[in-house]
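Just so it is clear, the model here is predicted, and its values are computed rather than measured. Any value given below was found using the heavy atoms of this structure, including those in side chains, with hydrogens, waters and symmetry copies removed. Counting from 1, the numbers follow the sequence of the chain as shown.
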Amino acid sequence: MITEIQAQIQALATVESLSSDIDALYVLDQQYKALEAQIKALKADIANKYGEGEHKGDLHSVTVKMVPVKGTVDYKKLCVSYGIQDDVLDTFRKAGRADIRVTPNK
């Protein structure tokens, strides 16, 4: 645990020392991806180890639940099956929007 904290402190110092916000974004994005992977693995380990229910650690607690999730609709197959053309489908489409995406490159 100490080495993780030391790594976080070092990473923060690295980000703060960068003069370019683009470089800082890249470093933070890499840390974010690494943390996401660690969180996903830890959640799976906890779910497998403890099972459903509420579980307490030394300082915090978690709730593990099995949650049913419906599958997505295959709109292409649906439209083919019912003979719905793209122009007809578009009449049911909500207004689009523009998103801004900033993606760090290696």
Side-chain angles (χ1 to χ4, degrees):
M1 184 69 137
I2 298 299
T3 57
E4 288 180 34
I5 293 171
Q6 289 170 337
Q8 290 172 358
I9 292 170
Q10 183 180 4
L12 287 174
T14 300
V15 170
E16 290 175 1
S17 71
L18 296 171
S19 58
S20 168
D21 53 355
I22 293 171
D23 294 337
L25 174 64
Y26 177 80
V27 171
L28 289 172
D29 185 66
Q30 295 305 304
Q31 291 172 343
Y32 174 77
K33 289 176 181 174
L35 286 172
E36 266 190 326
Q38 287 177 346
I39 289 169
K40 186 177 180 179
L42 195 52
K43 284 182 176 182
D45 289 347
I46 288 170
N48 289 326
K49 182 177 180 180
Y50 296 102
E52 284 192 273
E54 289 192 31
H55 309 285
K56 294 187 184 290
D58 293 334
L59 302 174
H60 304 283
S61 63
V62 297
T63 301
V64 178
K65 289 183 186 180
M66 289 294 292
V67 180
V69 178
K70 283 187 175 184
T72 59
V73 174
D74 184 338
Y75 282 98
K76 187 173 183 177
K77 283 184 180 178
L78 176 79
C79 290
V80 168
S81 178
Y82 286 92
I84 301 170
Q85 301 296 319
D86 285 343
D87 57 337
V88 174
L89 185 62
D90 286 341
T91 64
F92 294 94
R93 194 175 307 279
K94 294 181 180 180
R97 65 178 195 280
D99 288 342
I100 296 173
R101 292 187 182 148
V102 179
T103 306
N105 301 323
K106 290 186 178 183

Heavy-atom closest pair, residues L25 and P104: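 In this case the closest contact between L25 and P104 is CG-CG, 4.0 Å.
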Shortest non-hydrogen contact between M66 and E52, atoms and distance: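 Where M66 meets E52 most closely, the heavy atoms are N-OE2, 3.0 Å.
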Measure the shortest side-chain to side-chain distance between [X] and [Y] over non-hydrogen atoms and say whether it is less than 4.5 angstrom.
X   : Y   : value
R93 : D90 : yes
L89 : Q85 : no
Y75 : L78 : yes

Co-membership, hydrophobic cluster, residues [X] and [Y], 4.5 Å side-chain:
X   : Y    : answer
V62 : Y50  : yes
F92 : V73  : yes
V27 : V102 : no

Rounded to the nearest 0.5 Å, how far does [atom2] of [Y] lie from [atom1] of [X]?
X   : Y   : atom1 : atom2 : result
T63 : I46 : OG1   : CD1   : 11.5 Å
Q38 : K33 : CD    : NZ    : 15.0 Å
L35 : L42 : CG    : CG    : 11.5 Å

Neighbour count >12 (heavy atoms, 6.0 Å) for atom CD, E54: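 12 or below, so no.
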Residues, nucleotides or ligands: over 12 heavy atoms within 6.0 Å of D58 CG: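 No, because the 6.0 Å sphere around CG of D58 holds 12 heavy atoms or fewer from other groups.
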Charged N-O contact under 4.0 Å between D45 and K43: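 No.
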